[in-house]
Amino acid sequence: MTNVKPNRTVRRGRLFPEIQWSEEKKAQWRAERETFYQRCKPIFDRLKPELIKTHYNWYMAVEPDSGDYFIDKDDMVATKMCRQKHPNAIPFLFRLNHTGACGTI
């Protein structure tokens, strides 16, 4: 049998309770995410009509500062290709289908 330590306290709740975001910080993060999306969306919209014919349901990682994009069947591979060329950039991932970004819109 395993011995259970009697003084062990069970923790429930947040993984890091000392890290608490205020509502203002959450709103700022959402606004930054939306701004980044608005920078990437025109690149995606420009390329989508021609790529959807040959690469339907593939993923497109967009880096907005350079305008580069990378496509692959696997989302992780598209992101990795973008990270290799732009190691300090965070790409935005789209999915080439009729419903929009990653099938959520």
Side-chain angles (χ1 to χ4, degrees):
M1 285 183 86
T2 60
N3 294 333
V4 178
K5 295 180 182 178
N7 61 355
R8 180 177 170 203
T9 59
V10 178
R11 286 183 38 152
R12 304 244 191 267
R14 295 184 55 89
L15 197 55
F16 299 103
E18 65 277 2
I19 300 174
Q20 297 289 326
W21 279 17
S22 65
E23 290 302 319
E24 294 81 22
K25 186 163 181 158
K26 290 178 189 177
Q28 178 187 5
W29 180 79
R30 287 186 197 107
E32 289 171 359
R33 190 174 62 179
E34 179 64 25
T35 302
F36 185 68
Y37 170 76
Q38 293 301 329
R39 290 177 47 214
C40 296
K41 183 79 167 130
I43 298 168
F44 175 70
D45 288 340
R46 185 182 74 235
L47 299 166
K48 181 182 173 183
E50 61 189 54
L51 291 175
I52 201 167
K53 297 173 189 171
T54 56
H55 298 91
Y56 186 78
N57 242 3
W58 283 35
Y59 293 92
M60 176 192 286
V62 176
E63 200 286 309
D65 294 331
S66 65
D68 289 344
Y69 64 94
F70 305 86
I71 57 172
D72 197 88
K73 287 181 182 180
D74 185 10
D75 59 338
M76 297 304 288
V77 173
T79 303
K80 186 176 181 180
M81 290 188 311
C82 185
R83 291 274 180 133
Q84 285 175 347
K85 187 168 182 184
H86 305 283
N88 296 326
I90 299 173
F92 194 92
L93 193 67
F94 293 94
R95 190 164 188 175
L96 292 165
N97 57 26
H98 292 294
T99 57
C102 295
T104 58
I105 296 177

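Computation of the quantities below employed the complete heavy-atom set of this structure, encompassing side-chain atoms and omitting hydrogens, waters and symmetry-equivalent molecules. Numbers here simply count residues along the sequence, with the first being 1. Since this is a predicted model, take the numbers as computed values, not measurements.
Evaluation of the side-chain contact (heavy atoms from CB on, under 4.5 Å) rule for Ala27 yields no partner, not counting sequence neighbours. Remark: Leu51 engages Leu47, His55, Met60, Tyr69, Ile71, Leu96 in a side-chain contact (heavy atoms from CB on, under 4.5 Å) (not counting sequence neighbours). For Lys80, there are no salt bridge (Lys or Arg N to Asp or Glu O under 4.0 Å) partners at least two apart in sequence or on another chain. Under the side-chain contact (heavy atoms from CB on, under 4.5 Å) criterion, Arg46 pairs with Ile43, not counting sequence neighbours.
Among residue pairs with one or both ends in residues 66-78, those qualifying as salt bridge (charged side-chain N to carboxylate O under 4.0 Å, His left out) are Asp68-Lys85; sequence neighbours excluded. Identified under the salt bridge (charged side-chain N to carboxylate O under 4.0 Å, His left out) test for residues 24-40, with sequence neighbours left out: Glu23-Lys26, Arg39-Asp65.
Contact between Pro87 and Gln84 at its shortest, heavy atoms only, is CD-O, 4.2 Å. The two atoms that bring Pro91 and Ala61 nearest to each other are CB-CB, 4.0 Å, heavy atoms only.
A 4.5 Å side-chain heavy-atom check between Phe36 and Pro64 finds at least one atom pair inside the cut-off.
Ring orientation note: the planes of Phe94 and Tyr37 are tilted relative to one another, at an angle of 30° to 60°.
Between the SG atom of Cys40 and the CG atom of Leu93 there is a distance of 10.5 Å, given to the nearest 0.5 Å. For the atom pair CZ (Phe70) and CD (Glu63), the distance works out to 8.0 Å, reported to the nearest 0.5 Å. Between the CZ atom of Arg95 and the CZ atom of Phe44 there is a distance of 11.0 Å, given to the nearest 0.5 Å. Rounded to the nearest 0.5 Å, atoms OH (Tyr59) and OG1 (Thr79) are 10.0 Å apart.
The number of heavy-atom neighbours closer than 6.0 Å to CD1 of Ile52, taken from other residues, nucleotides and ligands shown, is above 12.
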